[in-house]
Structure formats: C-alpha cells, structure tokens
Amino acid sequence: MTNFFAVLLIGGLSLGIVSNVIFPKNPKLSYLVLAVAAVLWFIKPYFKRFADRLSPRAMKWAFIGSMGAILVIQLLILHFLPATVYHDPYRVLNQAELLSRGHLNWTHSIYFYRSPNNVPLAILMSYWIKLFMLVHISTFVAVHLLSLLLLDGFIALIISLVRQFTTRNGSALATMAFFVFSSFAYTYYLQVFYSDLPILLTLALVFYTLAHWSHMTTLRKSLMGTVILLAVMLGQIVKPNLIILAVAIVIVGIWLFIHQSPKFVKLLVPFILMLGGFSASVPVTHAMESADHFSVSTKYQIPTMHWIEMGYNPNSYGRINGSDVKRLDALPTKAARQTYLNKALPARLKKLGAFGIVKQWAVKLGILLNVGNVQGAYTGGFIQAPASYQKVEAPIKTMSSALMRASIILLYVEVLFSSVALIRRQTCMPNTAFVLALVTAVGYLAFHTLMWETESRYGQALMPMLFLLSTIDRPAIKSLTPKTPRFRVFNTLAFLLVVAAAYVTSPLYLIDHSQLVSGQLSQLSIQYKAKLITVAPHKAVTQEIQLNHTATYLIVSTAPQAHLMGQLTSLSTHHAYKLTAGPKSLLLHCVLAKGNYFIKISNQTTTTQKMQVSKMYDYKLAPYPANLNQHPHPTWSLIYRAGRTVKI
C-alpha cells in the first residue's frame with residue numbers, strides 16, 4: 001500500500017516542483033526562484049554541519065527564539081501594515097459581527113444562500129467575537145488574536161514534530177528558519193482569517209497526537225483524545241473537504257487490521273475518536289444553524305456538481321469560472337441548475353476527450369501545489385502602508401515570493417526522496433502517523449485534481465503531512481552528493497552563471513504590476529445582491545484618504561446605472577479633480593502627489609440614487625470614516641483603490 005501511494009505522491013510532487021518554477025509566468029522570476037533554490041541547496045550540507053554541533057539546550061533556545069521572533073514580526077505587521085480583506089473572508093467576518101450583536105439576519109446579501117458551507121464558520125466566529133465583547137475588546141483585536149493563536153500553534157506543532165522524528169538538528173533548524181524568514185507566517189494566514197488556517201491546525205494536531213499516542217500516559221491520552229475529537233469536529237464543520245482525512249483513516253485502519261493487528265489495537269481509540277468527530281459535525285452544524293436562524297434557500301443554492309463542472313473548465317484551468325457561475329445564476333431554482341449540470345458536465349468531459357482530461361488533471365495539480373500567489377490570497381494590499389515601506393514593498397514581496405517558492409520546491413524534493421527510499425525499501429515508516437500522512441496527502445491531491453475545482457490555497461493543507469514525511473530517515477543519494485566541496489562549488493557557480501545570463505537577457509520586467517497605495521476593498525458585492533445605501537438628491541457621501549506615496553489612479557465603486565458625480569480634492573493644495581463615470585465606478589487617471597485627499601460622491605439629480613458602501617459595527621475598515629449627509633460613520637467606508645504601476 002505504501003508503494004502505491006508513494007508513487008502517486010512522487011508524480012504529484014514532481015509536477016508541483018515544475019509548477020513552482022514556471023508559474024506565475026515570468027521568466028525573470030523563474031530564474032530568480034532557481035537561483036535561490038540553488039543557493040539553498042548549496043548551503044544545505046554546511047547548514048546541517050553547523051546545526052549538528054548544537055546542543056539540545058541550544059536547540060531549545062533556537063525554538064524559543066524563532067517563535068519569539070515570529071510573534072514580534074507579526075505584531076509589527078498587524079500594527080503598521082494592516083491589509084484590506086475582500087471576497088469570502090470579509091463576507092464571513094461581516095456576518096459574524098452582525099450575529100455577535102444579536103442581528104440574526106442573513107439577508108444582507110444572498111452570499112450565504114449561495115455558499116451555505118461558510119455559515120458555520122460565520123457562526124463560530126460570532127461566538128469568538130461575542131466572548132471578547134464581554135471584556136470590551138474590539139473585533140479587530142479578537143479576530144487577529146484568533147489568527148495568531150491558530151497560526152503560531154500550527155507552527156509550533158510542526159517544528160515539534162520535525163524535532164521529534166529527526167536524528168539530527170539540521171531539519172528542525174531548517175524548519176524554524178523557513179517559518180521565520182519565509183512569508184508564510186506574515187501574510188495570508190496572519191492578515192486573513194478564513195477556513196484554511198483551522199484545517200492546517202486540525203491536521204497538525206491529528207498527526208502530532210498519533211505520533212505520540214503510544215508514549216502517552218492515560219491522563220494525557222484522555223486530554224489529547226478530547227482535543228482531537230473536538231478539533232476534527234470543528235474542522236469538518238468549518239471545511240467539509242476535511243472528510244478526506246476520514247477516508248484515509250478508514251483505509252489505513254483496514255490495512256492495519258489485516259497486516260499489523262497489534263498496531264491497529266493500539267490506535268483504535270484515536271481512530272474512533274476522530275471518526276466520532278466527523279459524525280458529530282453533522283448534528284452540531286444543524287443545531288448551530290437552527291439557533292442562529294439560518295435556513296437553506298433552494299432559490300439560490302448551487303448543486304455540488306457545479307464545482308466538479310468548473311474543475312473541468314479548460315478556460316480557467318479548473319479554478320472558479322465567472323461564466324459558469326453566471327450561467328447557473330440565470331436559472332431559477334436548484335432543481336433547474338441540477339438538470340442543466342446533468343447534461344453540461346458529461347458534455348464538457350466529452351469535449352475534452354481523454355487527452356484533454358489528463359491535461360486538465362496535470363494543470364490542476366500544478367495549480368494546487370503552487371505557492372506563488374497563496375500569500376496574497378484575499379488581500380488587495382495594505383490599507384495605508386508607511387511611505388518608507390512603499391518604496392521597497394515591490395522588491396520585498398518579489399523576493400519573499402521567490403524564497404517561498406524555492407523553499408517549497410526543496411520541501412517537495414525532500415518528500416520525493418523519502419518516497420523513493422520507501423519504494424526501494426531503503427527505509428521504513430517510523431510509525432503509523434506517517435502512513436496516514438502519506439495516504440491523506442495523496443487523498444487531497446486526488447480530490448482536487450479528479451473531483452473538485454482547484455486553488456493554490458487548497459494545496460496548503462498538505463503542509464502538515466509533507467513536513468512529517470520529510471523527516472523519514474533515508475540514505476544519501478550518491479549521484480546528488482559531489483565527491484569534493486570544490487566540485488560542489490564549481491557546479492553551483494556554473495548553474496548560477498547560466499541562470500544570471502538568462503535573467504539578464506530576458507526582455508521582460510521582474511516586477512510589472514499594480515501596487516496599492518491606499519485602499520479599502522472589503523465589500524459584500526453587488527453580484528450577491530448586497531444591500532445598497534441611498535443618496536438623496538443634492539446630498540453626498542464623503543471620505544478622507546491618505547496617500548503615503550505618489551499614485552497614478554483612483555477607483556471608487558458606486559453601483560450599476562448609478563447617476564453620481566465624483567470629485568477628489570487635495571487638502572493641501574485644494575486642487576479638485578473630477579472623476580469619470582464608469583459602468584459601476586468612478587475613475588481618475590493622473591499623477592496624485594503624497595498627501596491627504598477628500599473624496600466626494602454626490603447626487604446632482606432630482607431622484608434618489610443608490611451606491612455600495614461597506615458597513616461594520618465595530619471593525620474599522622479604513623483610517624477615516626465615511627460621511628453620509630455630513631454625518632460620520634466611523635465603521636463605514638467607501639470602496640476605493642488608489643494605486644500605481646511598478647516596473648523593475
């Protein structure tokens with residue numbers, strides 16, 4: 001069984017390595033990734049030699065220092081560089097804050113009727129926010145404290161697992177360095193609270209508990225057994241694709257029962273507890289939804305087959321496709337959508353053909369295992385970054401992306417070598433937690449490749465399994481171990497020279513994209529029929545914004561067919577710029593100097609006009625309040641974006 005799953009994992013990780021080199025498509029960035037990976041590979045033996053000389057006490061302090069450094073950097077980022085969060089995580093946060101205030105109303109948009117899987121997450125978040133309301137702590141602090149607890153808990157568990165199963169210090173110290181120096185701990189998982197982070201922690205808890213189970217006392221087994229039951233239950237409530245772990249538990253349980261019954265007996269209790277967590281998630285979810293007055297609406301609900309159909313759309317490479325969504329939206333009921341999908345999915349598969357389907361699998365697998373854009377997921381940039389940071393933001397983000405991709409490539413290589421050693425019987429699984437990790441990892445790859453739509457975020461769930469599998473002790477591969485240090489230096493320098501020549505001769509820019517100077521992009525979205533505010537005749541909505549760097553454009557969202565006028569006024573020079581009306585926004589394209597500006601969206605008609613404004617109860621979306629009819633609303637904000645194009 002291990003051979004079969006190891007072969008599948010090798011195939012998947014090989015595609016993942018290629019994907020992280022070539023995507024996103026930018027030759028110069030690919031050369032940079034290769035250069036960073038080569039340097040990391042070159043220093044690996046010297047790093048290991050240094051680490052192996054460290055005493056257990058030094059490693060303990062290295063762990064404490066790493067976690068301390070991560071926490072300090074995280075707090076600085078949250079204070080100075082808060083990000084604007086959009087799409088699903090914002091909608092969940094908005095609803096959670098409503099529920100925490102006792103507003104059991106799900107009609108502010110149709111989002112939750114369209115995506116009922118996020119209803120439990122909103123309810124659970126509301127409980128957390130309500131808890132902090134009792135001691136007068138803001139929603140912002142409550143939500144980011146939750147992110148910190150889960151994220152740093154996950155990091156600590158992964159480092160502990162690696163330390164336990166490696167005979168040398170190198171892997172453990174490298175894991176600490178990865179979390180300290182890569183962008184993993186400081187971007188998406190820190191700035192955005194969403195369902196991905198609870199799943200990472202749940203999986204880490206499961207493998208940590210299984211790996212230690214046979215050495216635990218009865219008291220500790222009782223405690224950790226309760227923890228994994230609750231963790232699996234909550235994880236399944238928050239992210240239904242965790243069910244892949246349940247399938248893996250059943251497969252490994254049957255295999256142990258047939259081939260290694262003593263191990264099966266030893267792990268029967270945690271297996272039962274985890275499966276019990278999956279079973280309990282169903283009634284608990286129903287009870288939560290009933291208590292918070294949510295009921296499914298077939299008028300808006302999307303059949304499960306929709307995500308499978310999108311997974312086979314070659315135009316979007318298996319990711320969420322806007323045209324597929326709009327096509328289903330045009331149908332009146334869930335039954336009508338299901339009838340359409342019953343014909344559309346087979347037709348799409350037939351059009352793809354055998355070769356097209358296999359190609360689609362390969363592309364989806366590459367996207368799933370790619371980390372190039374994960375750290376920017378669901379964030380439009382920093383709300384109002386300091387001027388000193390904006391000057392270096394583009395190169396910092398580019399280098400951190402290259403380092404993240406290179407580090408993940410090396411992690412994939414380590415797991416790939418471990419899988420090869422397993423197949424060649426050069427090593428053995430230290431305990432059953434590794435077998436379950438192997439089966440679960442392949443299960444995630446198979447589910448999102450064969451059955452579901454794919455996103456790079458989904459592939460992050462593999463990280464607990466991959467870090468665990470990377471610790472499998474194996475003999476060195478002689479063909480990859482140069483006989484002399486001089487030969488190693490020569491090979492690395494030759495490779496770097498080739499990469500540098502390719503980099504220099506490439507005609508494209510390393511960085512060529514838009515960067516947010518100041519913005520607030522959180523919104524419930526008109527596509528989900530979000531409720532709009534009304535602007536009476538000859539009244540206006542205003543808001544101050546601050547530009548800490550020169551910008552070249554400003555976009556302010558309004559609403560389709562809204563007859564509104566826009567003006568931007570510099571508060572230092574008092575120069576006024578007229579905004580041009582677009583289909584559902586007001587735009588300005590010109591050079592805007594650093595300073596404070598005043599946005600005014602006015603209704604010069606004789607009839608009431610509607611526009612979208614983001615509204616919260618306690619969570620401040622922007623540094624300055626929105627003003628409706630000269631009345632300030634500190635937790636409201638226009639939806640605006642001032643930015644510039646960066647080319648390097």
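In this chain, numbering begins with 1 at the start of the sequence shown.
Between Leu75 and Leu148, the closest side-chain pair of non-hydrogen atoms falls below 4.5 Å. Under the 4.5 Å side-chain criterion, counting only non-hydrogen atoms from C-beta, Lys397 is not in contact with Ile511. Contact check for Phe467 versus Leu161: no side-chain heavy atoms found under the 4.5 Å cut-off. Counting heavy atoms from C-beta outward, Leu190 and Leu78 have side chains that approach closer than 4.5 Å. Within the 4.5 Å cutoff, no side-chain heavy atoms of Leu369 are placed close to those of Ile408. In this structure, Phe490 and Phe495 have side chains that are not in contact, with every pair of non-hydrogen atoms separated by 4.5 Å or more. The shortest distance between side-chain heavy atoms of Ser419 and Phe5 does not fall below 4.5 Å. Under the 4.5 Å side-chain criterion, counting only non-hydrogen atoms from C-beta, Phe434 is not in contact with Thr2.
Rounded to the nearest 0.5 Å, atoms OG (Ser182) and CD (Gln375) are 7.0 Å apart. The CG atom of Leu146 sits 7.5 Å away from the CG atom of Leu197 when rounded to the nearest 0.5 Å. If you take CG on Asn370 and CG on Leu365, they are separated by 11.0 Å, rounding to the nearest 0.5 Å. Interatomic distance, Leu436 CG to Phe207 CZ, rounded to the nearest 0.5 Å: 4.5 Å. Between atom CD of residue Gln523 and atom CZ of residue Arg91 there is a gap of 7.0 Å, rounded to the nearest 0.5 Å. With rounding to the nearest 0.5 Å, the separation of CH2 in Trp61 from OG in Ser66 is 12.5 Å.
Of the N and O atoms on the side chains of Tyr186 and Ser400, not one donor lies less than 3.5 Å from an acceptor on the other residue. Using a 3.5 Å distance cut-off with no hydrogens or angles, the side chains of Gln460 and Tyr189 do pair a donor with an acceptor. Between the side chains of Tyr509 and Asn26, no donor N or O sits under 3.5 Å from an acceptor N or O. Looking at Arg457 and Tyr194, their side chains never bring a donor and an acceptor atom within 3.5 Å of each other. Between the side chains of Asn241 and Tyr458, no donor-acceptor pair is found at a separation under 3.5 Å.
Ring pair His448/Tyr444 is parallel by interplanar angle, where below 30° counts as parallel and above 60° as perpendicular. The aromatic rings of Trp307 and Trp452 lie parallel to each other, with less than 30° between the two planes, well short of the 60° mark. Ring geometry for Phe184 against Phe179 counts as perpendicular: the plane angle is over 60°, on a 0 to 90° scale with 30° as the lower cut.
Proximity of a side-chain donor or acceptor of Ser518 to a complementary backbone N or O of Gln384 within less than 3.5 Å is not detected. Put simply, the side chain of Ser456 gets close to the backbone of Ile367: a donor and an acceptor are under 3.5 Å apart. No donor-acceptor distance shorter than 3.5 angstrom exists from the side chain of Gln520 to the backbone of Ile383, with no hydrogens or angles considered. With hydrogens and angles ignored, the 3.5 Å screen pairs no side-chain donor or acceptor of Glu414 with any backbone N or O of Ser470. Between the side chain of Tyr312 and the backbone N or O of Leu450, at least one donor-acceptor pair lies under 3.5 Å. The main-chain N or O of Asn169 is found under 3.5 Å from a side-chain atom of Asp52 such that the two form a donor-acceptor pair. Between the side chain of Arg405 and the backbone N or O of Asn20, at least one donor-acceptor pair lies under 3.5 Å. No donor-acceptor distance shorter than 3.5 angstrom exists from the side chain of Ser115 to the backbone of Asn117, with no hydrogens or angles considered. With Ser19 contributing its side chain and Gly16 its backbone, the two residues share no donor-acceptor pair below 3.5 Å. Judged by distance alone, the side chain of Ser506 and the main-chain N or O of Tyr503 form no donor-acceptor pair under 3.5 Å.
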May I have the step-by-step check of side chain to side chain contact (heavy atoms under 4.5 Å, CB included) for Thr550 and Arg644, ending in yes or no? CA-CA 8 Å; Thr550 303; Arg644 64 191 179 104; 5.7 Å; no
Between Arg425 and Asn3, is a side chain to side chain contact (heavy atoms under 4.5 Å, CB included) present by the stated rule, with each step listed? CA-CA 9 Å; Arg425 294 293 186 267; Asn3 281 2; 2.9 Å; yes
Gln164 and Tyr208: side chain to side chain donor-acceptor pair (under 3.5 Å), yes or no, with the steps? CA-CA 10 Å; Gln164 178 186 355; Tyr208 180 87; over 6 Å; no
Val162 vs Met176, test: side chain to side chain contact (heavy atoms under 4.5 Å, CB included). Steps then yes/no. CA-CA 10 Å; Val162 173; Met176 295 177 204; over 6 Å; no
Before you tell me yes or no, could you show the steps for Phe382 and Tyr389 under ring-ring contact (aromatic ring centres under 6.0 Å, His included), namely the whole-Å CA-CA distance, both residues' side-chain angles and the distance that decides it to 0.1 Å? CA-CA 10 Å; Phe382 300 120; Tyr389 181 79; 5.6 Å; yes
If you apply the rule side chain to side chain contact (heavy atoms under 4.5 Å, CB included), what do you find for Leu469 with Leu9, and how did you get there? CA-CA 11 Å; Leu469 293 170; Leu9 188 58; 3.9 Å; yes
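Screening His549, Glu393, Arg641, Gln390 against Leu516 for a side-chain contact (heavy atoms from CB on, under 4.5 Å) leaves a single residue, Arg641. Between Leu368 and the choices Leu15, Val363, Thr454, the side-chain contact (heavy atoms from CB on, under 4.5 Å) rule is met once, by Thr454.
Nearest heavy-atom pair, Ile244 versus Thr440, reported as atom, atom and distance to 0.1 Å: CG2-O, 4.0 Å. Residues Val439 and Met1 come closest through the heavy atom pair CG2-CE, 4.2 Å. Scanning both residues, Phe80 and Pro386, for their nearest heavy atoms gives O-CD, 3.6 Å. The nearest pair of heavy atoms linking Leu201 to Gly153 is CD1-C, 3.9 Å. For the pair Pro198 and Leu150, the tightest heavy-atom approach, listed with the atom from each and the gap, is CG-CD1, 4.1 Å. Listed here is the closest heavy atom pair of Leu403 and Leu40: CD1-CD1, 4.3 Å.
Environment of OH in Tyr317: sparse, with no more than 12 heavy atoms of neighbouring residues, nucleotides or ligands closer than 6.0 Å. Lys44 NZ: more than 12 foreign heavy atoms inside a 6.0 Å radius.
The residues Asp324 and Arg348 are annotated as salt-bridged, a charged nitrogen and a carboxylate oxygen being separated by less than 4.0 angstrom.
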